Trainee: 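Before we start, here is the structure in question, set down as structure tokens.
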Amino acid sequence: MSVLRRAKTWEISESEEETDAETKPDLNSDESSQTATRVRSDLKEDPSPDHKCKTTSATKRESSQTSSLPPPRPDGSGTPSPARKRRTKEEIEADRQKAKERKEERDRQRAAKAQEKEERRQEQQRRREAAENLKSLRPENCLKCLTVRIDPALLQEDGSDILLDTLATFEWRFSIESQQVPHSITWTRDLPQFCLQQGGDAVGSVEEEQVVLLLGLTDFMDMVISVKKMLDSEGEETGMGSFLCPLLECLNRDAKKVVTLLVTGSQPDYRTNACDVQSKLGMENLDIEEVLVYLQLCKNISLVFLDGWEEVTNHVCAVTKALSKRPFKLLTEGAELPFCVDGSWASGARVERDGSGLIQVWTKQIQQLNRVSPTVASTVTAAYPSPQLLLQAYQNLGSEEEKKRLLAGLIVKSGGKERRIGPELSARVYRCLTAQNPQLVLD
């Protein structure tokens with residue numbers, strides 16, 4: 001009885017499976033049919049109740065697993081994708097043009113940044129070079145650029161070692177080389193790019209205008225006689241001495257040369273007593289003065305009498321130091337107004353864009369007059385806050401005397417005391433603002 005009940009149960013189960021399989025797609029129906037076929041074959045082989053129960057439970061597990069699988073889609077594809085709208089050629093070309101513009105914009109920004117970076121680098125380089133050039137113009141650095149050039153003929157004289165020892169002690173550069181004018185000393189200066197280089201060669205150097213010529217008393221007498229003969233012969237340079245001829249040739253080639261003639265000798269009286277020189281040369285005092293004036297005014301040759309090589313060394317050192325200070329002085333004098341210095345202590349007044357500060361400038365202008373204190377200038381500018389107002393007040397007056405006495409009655413308060421500006425200062429201010437003569441003396 002139980003067997004029949006189980007069979008009926010199985011038939012009901014099998015029909016349910018078949019019924020469910022019919023509602024599913026082909027894949028589930030095939031699997032269900034295969035499962036039912038296996039169950040029937042098992043029942044035929046082993047019709048025991050236990051075997052039937054196991055088969056029934058296995059069949060249910062397989063069917064449940066099969067039913068849990070998602071059904072395949074009819075088109076056989078996975079996740080559905082949304083429909084894409086095809087772009088037109090115009091849209092594609094527009095997108096391409098936008099991408100090209102964005103790329104060009106990025107290139108322009110990159111080029112602008114690179115150019116700005118290069119400009120900053122060049123500006124820093126220019127500032128660095130300017131700072132280095134300014135540093136090289138300092139006297140202590142320019143002194144390293146100078147080279148004292150000494151003619152070998154001077155080394156044959158007694159006492160010349162004093163000059164060489166002094167230059168070596170100061171660690172100044174000097175060289176022994178032949179000069180255009182015998183017995184002379186010249187100076188060369190390295191160009192700015194070579195100034196900071198120690199021990200640089202002569203490449204990139206310029207020759208200074210200063211020339212120092214050392215002569216003994218006898219050689220100087222011969223030169224004076226030669227110059228006198230040349231003046232008597234109306235400038236014909238014939239029969240000149242051995243030192244005057246090369247000196248004049250050097251001056252003819254370069255008229256900017258400044259020659260200093262150092263006369264050394266054992267008789268110090270010749271430095272102070274021109275009569276002794278006159279008697280020694282057999283010339284009149286007027287003739288000697290004529291020679292000296294010609295050398296100084298026409299040939300730019302100065303004459304200095306020295307006692308010995310110690311004084312010559314001091315003179316050479318003084319000229320060297322003066323040449324080292326020359327570039328910095330030229331730079332300072334090259335400014336438009338070298339006497340006007342920057343800074344708040346320079347008694348200047350700052351004027352803003354809105355005009356504030358003009359009253360201080362007007363006060364400073366009045367204070368520039370002689371014997372005008374800041375209190376007096378402030379009193380004038382308080383009564384007339386601008387030069388235009390003061391000029392209008394002058395125009396409204398009739399006579400010249402009234403215009404000169406316009407500011408005389410203004411009261412100045414200083415230190416608890418009161419006083420008037422007075423007619424003298426009032427007249428000076430009037431002349432300063434209305435005079436047409438630039439050479440007029442206000443006081």
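Keep in mind the model is a prediction, meaning the values are calculated, not measured.
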Trainee: Which atom pair, heavy atoms only, marks the closest approach of T147 to S175?
Mentor: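 Shortest heavy-atom contact: CG2-OG, 4.0 Å.
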Trainee: So, S160 and W309: side-chain donor and acceptor under 3.5 Å apart, yes or no?
Mentor: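 W309 and S160 do not have a side-chain donor-acceptor pair below 3.5 Å.
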Trainee: Identify whether the distance between the nearest side-chain nitrogen and carboxylate oxygen of R120 and E123 falls below 4.0 Å.
Mentor: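 A salt bridge is absent here (no side-chain N lies under 4.0 Å from a carboxylate O).
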Trainee: Can you confirm whether more than 12 heavy atoms, excluding those of R253, are under 6.0 Å from its CZ atom?
Mentor: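 Counting neighbours around CZ of R253, more than 12 heavy atoms of other residues, nucleotides or ligands fall under 6.0 Å, so yes.
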Trainee: Does a side-chain N-to-carboxylate-O contact under 4.0 Å join K89 and E93?
Mentor: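 Between E93 and K89 there is no salt bridge, as every charged N stays at least 4.0 Å from the carboxylate O atoms.
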Trainee: Does atom CD of Q115 have more than 12 heavy-atom neighbours, drawn from other residues, nucleotides or ligands, at distances under 6.0 Å?
Mentor: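 Counting other residues, nucleotides and ligands, CD of Q115 stays at 12 neighbours or fewer.
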Trainee: So, E140 and K321, do they make that salt bridge, N to O below 4.0 Å?
Mentor: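 Looking at E140 and K321, the cut-off is not met.
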Trainee: Can you confirm whether Y394 is buried at OH, in the sense that more than 12 heavy atoms of other residues, nucleotides or ligands lie under 6.0 Å from that atom?
Mentor: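 Yes, the 6.0 Å shell around OH holds more than 12 heavy atoms from other groups.
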Trainee: Going by an N to O cut-off under 4.0 Å, is there a salt bridge joining D95 and R87?
Mentor: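 Between R87 and D95 there is a salt bridge, with a charged N closer than 4.0 Å to a carboxylate O.
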Trainee: Counting only heavy atoms not in D158, do more than 12 sit closer than 6.0 Å to its CG atom?
Mentor: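 No - once you tally the heavy atoms of other residues, nucleotides and ligands closer than 6.0 Å, there are 12 at most.
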Trainee: Determine whether L214 and V212 make a side-chain contact, defined as any pair of heavy atoms from C-beta on separated by less than 4.5 Å.
Mentor: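 In contact.
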Trainee: Do the charged groups of R126 and E129 touch, with an N to O distance under 4.0 Å?
Mentor: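 Answer for the salt bridge query: no.
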Trainee: Can you confirm whether more than 12 heavy atoms, excluding those of E171, are under 6.0 Å from its CD atom?
Mentor: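 Atom CD in E171 is not packed in, count stays at 12 or less.
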Trainee: So does L248 get a backbone contact from the side chain of N252, meaning a donor-acceptor N/O pair under 3.5 Å?
Mentor: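 Yes.
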Trainee: Just wondering, more than 12 heavy atoms not from E91 lying within 6.0 Å of its CD?
Mentor: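 Buried by this count: over 12 neighbours within 6.0 Å.
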Trainee: Which pair of heavy atoms, one from S324 and one from L146, lies closest together, and at what distance?
Mentor: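 Closest approach of S324 to L146, heavy atoms only: N-CD1, 3.8 Å.
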Trainee: Enter the distance from T379:OG1 to I366:CD1 here, rounded to the nearest 0.5 Å.
Mentor: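 That separation rounds to 11.5 Å.
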Trainee: Is it the case that S426 and R405 place a side-chain donor and acceptor less than 3.5 Å from each other?
Mentor: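 Not at all, the side chains of S426 and R405 share no donor-acceptor pair under 3.5 Å.
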Trainee: Could you go through Q124 and R121, starting from their C-alpha distance and side-chain angles, then the distance that decides it, and tell me whether this counts as side chain to side chain donor-acceptor pair (under 3.5 Å)?
Mentor: CA-CA 5 Å; Q124 292 177 357; R121 189 190 66 80; over 6 Å; no
Trainee: Start with the C-alpha gap between E290 and L231, add the side-chain angles, then the distance that decides, and say whether side chain to side chain contact (heavy atoms under 4.5 Å, CB included) holds.
Mentor: CA-CA 9 Å; E290 182 182 1; L231 294 178; 4.0 Å; yes
Trainee: Do side-chain atoms of W362 reach the backbone of Y384 as a donor and acceptor pair under 3.5 angstrom?
Mentor: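 Yes; at least one donor-acceptor contact below 3.5 Å.
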Trainee: Could you give the distance from CD (Q365) to CG (L433), rounded to the nearest 0.5 Å?
Mentor: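 Atom-to-atom, Q365:CD and L433:CG are 7.0 Å apart.
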Trainee: Go through the steps for K257 and E207 under the test salt bridge (Lys or Arg N to Asp or Glu O under 4.0 Å), then give the verdict.
Mentor: CA-CA 10 Å; K257 290 291 185 181; E207 187 174 357; 3.3 Å; yes
Trainee: I'd like to know if the side chain of K325 and the backbone of C142 have a donor-acceptor N/O pair within less than 3.5 Å.
Mentor: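 Answer holds: no.
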Trainee: Does E310 offer a backbone N or O that forms a donor-acceptor pair with the side chain of N314 under 3.5 Å?
Mentor: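 Checking the backbone N and O of E310 against the side chain of N314, a donor-acceptor pair under 3.5 Å is found.
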Trainee: So among V148, V211, V206, which one has a side chain to side chain contact (heavy atoms under 4.5 Å, CB included) with W187?
Mentor: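 Of the listed residues V148, V211, V206, the side chain to side chain contact (heavy atoms under 4.5 Å, CB included) partner of W187 is V148.
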Trainee: Any ion pair linking D190 and R173 (charged N to carboxylate O, less than 4.0 Å)?
Mentor: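 Looking at D190 together with R173, the answer is yes, because their closest N to O distance falls below 4.0 Å.
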Trainee: For the pair E177 and R149, find out whether any cationic side-chain nitrogen is under 4.0 Å from an anionic carboxylate oxygen.
Mentor: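 So E177 pairs with R149 through a salt bridge.
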Trainee: Taking atom types as modelled, is there a side-chain donor on T260 or S302 under 3.5 Å from an acceptor on the other?
Mentor: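 No pair is found: no donor N or O on one side chain lies under 3.5 Å from an acceptor on the other.
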Trainee: Looking at CG of L215 and CG of L213, how far apart are the two atoms once the value is rounded to the nearest 0.5 Å?
Mentor: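 L215 CG to L213 CG: 4.0 Å, rounded to 0.5 Å.
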Trainee: Could you check whether S184 and Q179, counting side-chain N and O atoms only, form a donor-acceptor pair closer than 3.5 Å?
Mentor: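 Q179 vs S184: no donor-acceptor pair found between side chains.
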Trainee: After noting the C-alpha distance and the side-chain angles of I185 and D151, does the key distance pass the side chain to side chain contact (heavy atoms under 4.5 Å, CB included) rule?
Mentor: CA-CA 6 Å; I185 299 176; D151 190 77; over 6 Å; no
Trainee: Within the side chain of R189, is there an N or O that forms a donor-acceptor pair under 3.5 Å with the backbone of L323?
Mentor: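 Side chain of R189 to backbone of L323: a pair is present.
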Trainee: So which of K404, E400, K403 actually passes side-chain hydrogen bond (donor to acceptor under 3.5 Å, both in side chains) with Y430?
Mentor: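 Passing option: E400.
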Trainee: Any donor-acceptor pair under 3.5 Å linking the side chain of R428 with the backbone of P423?
Mentor: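 No, because the side chain of R428 does not come within donor-acceptor range (under 3.5 Å) of the backbone of P423.
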